[in-house]
Amino acid sequence: MAFLGNPSATNEILNKYNLSAQKRYGQNFLIDSNVLRKIVESAGVGKEDTVLEIGPGIGTLTQYLCEAAGNVICIEIDRQMIPVLEDTLSEYDNVRIINEDVLKVDIEQLLKENGAKSVKVVANLPYYITTPIIMELLEKDAPIESITVMIQKEVAQRMQTGPGSKDYGALSLAVAFYSRAEVMMTVSPNCFIPRPNVDSAVIRMDRLKEPPVEVRDKAFMFKIIKGAFEQRRKTLTNALSNSVSFKTDKEKVAEALQKMGKNVNIRGEELTLSEFALLSDILGQ
Ligand code: SAM
């Protein structure tokens with residue numbers, strides 16, 4: 001078994017299995033052992049931990065995780081990677097490989113089946129579905145303690161912005177509601193094969209025990225938030241009356257905004273998290 005984390009080992013594995021990186025699956029393989037070590041360190045993985053890895057690819061980060069963690073569960077969509085993973089992870093008996101689309105897996109059920117009470121998610125995510133994966137991990141009630149992921153640097157910035165920024169949206173509101181987030185490092189395209197067209201960053205999100213704002217029904221609030229940002233340039237009253245995520249009468253939204261002391265022509269991107277919580281409580285009454 002080759003220890004991965006450098007260009008020649010990665011190329012050797014890809015050649016051995018006659019594979020090339022699949023663009024449609026967002027495959028950019030890590031080839032820098034320093035970055036790999038720092039990801040594991042940033043996630044604070046120890047022998048007491050179960051780690052869920054999304055997209056192990058040829059198993060590079062997985063090897064580092066298997067060394068550091070008690071148990072590793074990894075979910076890989078690409079069937080061609082499974083024999084490779086069985087090879088590169090053959091020396092580890094603390095890893096389970098699942099060939100599935102992560103967005104179709106019931107994570108809560110999977111973790112229960114594996115007897116995992118608390119889990120750290122660690123991944124070099126496929127960039128084409130970063131947002132749905134993170135939203136799913138945050139919104140589901142699975143026992144996830146923290147999420148440490150490599151993502152596009154721009155998306156990491158978007159995740160930490162507030163009202164008034166063009167990048168403010170459902171993702172940044174979900175991150176603020178569910179977690180405390182910190183960018184741990186930025187990573188150059190040279191650390192991957194093939195090189196991505198963008199800079200990357202590793203962000204760590206620690207799940208909050210209590211959300212920073214009180215809201216009666218968080219699922220209802222996030223329906224409103226998603227509706228508000230589906231057509232972000234529209235006023236909130238128009239966006240919500242035309243939304244697919246959340247549909248309500250214009251008048252009801254206008255009335256709620258008036259109760260909140262807000263202008264009825266305000267756009268969703270101007271509301272803070274606590275204002276969305278208040279709006280949700282009023283509309284839900
Ligand atoms: N972990 C490896 C590394 O760091 O070198 C590969 C990371 S690569 C950026 C993303 C991985 O996610 C690929 O292996 C890709 O096949 C996998 N992937 C893409 N879409 C997926 C999905 N919907 N569910 C599970 N895995 C997926």
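Order of listing sets the numbers, starting from 1, for every ligand and every atom in it.
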Judged on heavy-atom distance to [atom], which of [options] sits nearest?
atom                    : options                      : value
atom 1 (N) of ligand 1  : Gly57, Cys74, Gly55          : Gly55
atom 25 (C) of ligand 1 : Ile151, Leu85, Ile77, Asn99  : Ile77
atom 10 (C) of ligand 1 : Thr10, Leu103, Ile75, Asn124 : Asn124
atom 9 (C) of ligand 1  : Gly26, Ala21, Pro196         : Gly26

What protein heavy atom sits nearest [atom], and how far away is it?
atom                    : value
atom 2 (C) of ligand 1  : Pro56 O, 3.3 Å
atom 13 (C) of ligand 1 : Gln27 CG, 3.5 Å
atom 23 (N) of ligand 1 : Asp101 OD1, 2.9 Å
atom 19 (C) of ligand 1 : Tyr25 O, 3.1 Å
atom 14 (O) of ligand 1 : Glu76 OE1, 2.7 Å
atom 5 (O) of ligand 1  : Leu30 N, 2.9 Å
atom 20 (N) of ligand 1 : Tyr128 OH, 2.9 Å

Report yes or no: does a heavy atom of [X] sit under 4.0 Å from some atom of ligand 1?
X      : result
Gln22  : no
Ile58  : no
Met81  : no
Glu100 : yes
Phe192 : no

When rounded to the nearest 0.5 Å, the distance separating CD of Gln231 from CG of Asn238 is 8.5 Å
Pair Lys140 + Glu108: basic N to acidic O under 4.0 Å: no
ask   = Can a salt bridge be assigned to the pair Asp141 and Lys218 using a cut-off of 4.0 Å between side-chain N and carboxylate O?
value = yes
Item to complete: Using the six-membered ring wherever Trp is involved, compare the ring planes of Phe246 and Phe220 and label them parallel, tilted or perpendicular (cut-offs 30° and 60°).
Response: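 Ring orientation of Phe246 relative to Phe220: perpendicular.
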Inset, instruction - Return the orientation label for the Tyr168 and Phe229 ring planes: parallel under 30°, perpendicular over 60°, tilted otherwise. - result: perpendicular
When you measure from the side chain of [X] to the backbone of [Y], do you find a donor-acceptor pair of N or O atoms at a distance under 3.5 Å?
X      : Y      : answer
Ser90  : Asp87  : yes
Ser243 : Ala239 : no
Asn6   : Ile31  : no
Asn94  : Gly70  : yes
Lys120 : Gly44  : yes
Arg207 : Leu138 : yes

Count I, L, V, M, F, W, Y as connected when their side-chain heavy atoms are under 4.5 Å apart, and connections chain through other members. Are Phe3 and Leu85 then in the same cluster?
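Shared cluster, yes.
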Going by the atom numbers of ligand 1, which of them fall below 4.0 Å from some non-hydrogen atom of [X]?
X      : result
Leu125 : 9 (C)
Glu53  : 1 (N)
Val102 : 22 (C), 23 (N), 24 (N), 25 (C)
Asn28  : 7 (C), 8 (S), 9 (C)

message: With nothing but distance in play, are any N or O atoms of Phe29 less than 3.5 Å from an N or O of ligand 1?
response: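 Phe29 vs ligand 1: no N/O contact under 3.5 Å.
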- Quick one: are Lys262 and Leu271 in side-chain contact, heavy atoms under 4.5 Å? yes
